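Note that this is a predicted model, so its numbers are computed, not measured.
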Amino acid sequence: MSPGGAILHVVLLRLPEGHDAAELAEVMAGLAALDLPGMSGFHHGPNLDLEGLSPGLSYGFAARFESREALKLYAEDPAHRALGARLLALVGGPTGLLVADIGG
């Protein structure tokens with residue numbers, strides 16, 4: 001894929017037992033509602049882990065970005081940052097999630 005091409009932003013969560021399911025739902029709804037240039041296709045849900053290769057990563061989401069610039073806008077967006085802070089609190093900090101940006 002050429003530089004600047006589409007990127008799939010994938011985040012998998014290590015949710016602690018007894019996590020606040022309502023808070024998770026609110027954060028996911030907030031992320032899904034973001035209307036940013038170059039962002040599309042937000043999906044979230046339980047990690048089915050059908051191959052048994054991601055134990056402990058029980059939930060995740062993915063969003064498609066048309067370019068690195070669009071992903072940068074998302075990363076810097078104040079609403080995204082606020083939702084990200086809530087998500088980090090929910091999973092107990094940065095070690096509670098795995099982020100991959102796949103593509104150009």
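For residues 7-32, the set of pairs meeting the ring-ring contact (aromatic ring centres under 6.0 Å, His included) definition, not counting sequence neighbours, comprises His9-Tyr74.
Leu24 CG to Arg86 CZ: the interatomic distance, rounded to the nearest 0.5 Å, is 10.5 Å. Taken to the nearest 0.5 Å, the CZ atom of Arg64 stands 8.5 Å off from the NE2 atom of His43. In this structure, CG in Asp49 is found 8.0 Å from CG in Leu57, a value given to the nearest 0.5 Å.
Inter-residue side-chain proximity for Leu87 and Phe61 is flagged as met; some heavy-atom pair is nearer than 4.5 Å. Side-chain contact between Tyr59 and Leu12 is absent, with no heavy atoms from C-beta onward closer than 4.5 Å.
Judged by distance alone, the side chain of Asn47 and the main-chain N or O of Gly60 form no donor-acceptor pair under 3.5 Å. Although no hydrogens or angles enter the test, the distance criterion places a donor-acceptor pair under 3.5 Å between the side chain of Arg14 and the main chain of Thr95. Within the 3.5 Å criterion, the main-chain N or O of Ala70 finds a donor-acceptor partner in the side chain of Ser67.
The minimum heavy-atom distance between Leu34 and Ala79, with the atom names listed, is CD2-CB, 3.8 Å. The two residues Leu83 and Val27 come nearest to each other via the heavy atoms O-CG1, 3.9 Å. When all heavy atoms of Leu8 and Ala62 are compared, the closest pair comes out as CD1-CB, 4.1 Å. Of all heavy-atom pairs between Met39 and Ala63, the closest is CE-CB, 4.1 Å.
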Note to self: Walk me through whether Phe65 and Lys72 qualify under side chain to side chain contact (heavy atoms under 4.5 Å, CB included).
What the structure shows: CA-CA 10 Å; Phe65 293 89; Lys72 184 178 181 206; over 6 Å; no

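Tested against Leu36, the residues Leu73, Asp77, Leu71 include a single side chain to side chain contact (heavy atoms under 4.5 Å, CB included) partner, Asp77.
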